[in-house]
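Structure first, then comments.
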Amino acid sequence: QVQLVESGGGLVHTGGSLRLSCAASGRTVSSYGMGWFRQAPGKEREFVAAVRRFTGSTAYADSVKGRFTISRDNAKNTVYLQMNSLKPEDTAVYSCAAAIAAGVVVTKDEYDYWGQGTQVTVSA
């Protein structure tokens, strides 16, 4: 089992940057597929980025490709989401998740553990 705690959210202007952190305890993040999802008010939770367990292969939603980067620091047992060139449509609660499944996991139903989320607000 793993516990996940996100941090790093906040208010930023359009074009700005934020780095979200997801600190894990209980087991090492490298043994899980890790992902970031977001949910805006009135919308479904959507996939943002994922990193495959062990190999570190990554995948991104088309809407964030080229702007967001997911990374993993095994020594700190933390996963990051670097978000650049932020847009108002990126405003949402961002949550990290851990999956036991192999491969790059992009489907929220395949994730087994979730953090509580952190709010990101991008002003126009």
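Side-chain atoms are counted along with the backbone in the values below, which use heavy atoms only and exclude waters and symmetry mates.
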Legend entry - Sole candidate of Val64, Thr58, Val48 that passes side chain to side chain contact (heavy atoms under 4.5 Å, CB included) when paired with Ile70: Thr58
Legend entry - Residues forming a ring-ring contact (aromatic ring centres under 6.0 Å, His included) with Phe47, sequence neighbours excluded: Phe37
Legend entry - Atom of Ala40, atom of Thr91 and distance for their closest heavy-atom approach: CB-O, 3.7 Å
Legend entry - Minimal non-hydrogen separation, Ser30 against Asn74, with atom names: CB-OD1, 3.4 Å
Inset, instruction - Kindly assign one of parallel, tilted or perpendicular to the pair Tyr94 and Phe68, based on the angle between their ring planes and the thresholds 30° and 60°. - result: tilted
Inset, instruction - Using atom types as modelled and distance alone, determine if a side-chain donor or acceptor of Glu6 lies under 3.5 Å from a backbone N or O of Cys96. - result: yes
Inset, instruction - Indicate yes or no for a side-chain donor-acceptor contact from Asn77 to the backbone of Ala24 under 3.5 Å, with no hydrogens or angles considered. - result: yes
Inset, instruction - Please answer: with hydrophobic residues joined when any side-chain heavy atoms are less than 4.5 Å apart, are Trp114 and Leu81 in the same cluster? - result: no
Legend entry - Pairwise distance NZ(Lys43) to CD(Glu89) - rounded to 0.5 angstrom: 8.5 Å
Inset, instruction - Determine, step by step, whether Val120 and Met83 satisfy the side chain to side chain contact (heavy atoms under 4.5 Å, CB included) criterion, reporting the C-alpha distance in whole Å, the side-chain angles of both residues, the deciding distance to 0.1 Å, and the verdict. - result: CA-CA 10 Å; Val120 171; Met83 305 186 296; 3.8 Å; yes
Inset, instruction - Determine, for Tyr32 and Arg53, whether the Lys NZ or Arg CZ falls below 6.0 Å from the six-membered ring centre while staying within 45 degrees of the axis. - result: no
Inset, instruction - Taking the side chain as every heavy atom from C-beta outward, state whether Pro88 and Thr14 have any atom pair closer than 4.5 Å. - result: yes
Legend entry - Positive for side chain to side chain contact (heavy atoms under 4.5 Å, CB included) with Val29, one of Val51, Val79, Thr78: Val79
Inset, instruction - Check whether any side-chain heavy atom of Cys22 lies under 4.5 Å from a side-chain heavy atom of Tyr80, and answer yes or no. - result: no
Inset, instruction - Write down the atom of Lys65, the atom of Tyr60, and the distance for their closest heavy-atom approach. - result: CE-O, 3.7 Å
Inset, instruction - Grab the two heavy atoms, one from Ala97 and one from Tyr111, that are nearest each other, plus how far apart they are. - result: CB-CD2, 3.3 Å
Inset, instruction - Would you tell me whether Ser17 and Asn84 have side-chain atoms, one donor and one acceptor, within less than 3.5 Å of each other? - result: yes
Legend entry - Residue pair Ser63 / Arg38, side-chain heavy-atom distance below 4.5 Å: yes
Inset, instruction - Would you give the length of the straight line joining atom CZ of Arg19 to atom CD of Gln82, rounded to the nearest 0.5 angstrom? - result: 7.0 Å
Legend entry - Cluster overlap Met34 with Val2, hydrophobic side-chain contacts below 4.5 Å: yes
Inset, instruction - Could you grab the distance from atom CD of Glu46 to atom CH2 of Trp36, nearest 0.5 Å is fine? - result: 14.5 Å
Legend entry - For Thr118, the option from Leu20, Val93, Val5 that meets side chain to side chain contact (heavy atoms under 4.5 Å, CB included): Leu20
Legend entry - Atom pair OG (Ser21) and CG (Leu4), whose distance is rounded to the nearest 0.5 Å: 12.5 Å
Inset, instruction - Drop me the distance from Gln119's CD to Leu11's CG, to the nearest 0.5 angstrom. - result: 9.5 Å
Inset, instruction - Check Ser95 against Gly117 and note the closest heavy-atom contact, atom names and distance. - result: OG-CA, 3.6 Å
Legend entry - For Arg67 against Ser85, the heavy-atom pair lying closest together: NH1-O, 2.9 Å
Legend entry - Expected output: side-chain Glu110 to main-chain Ala101 donor-acceptor under 3.5 Å: no
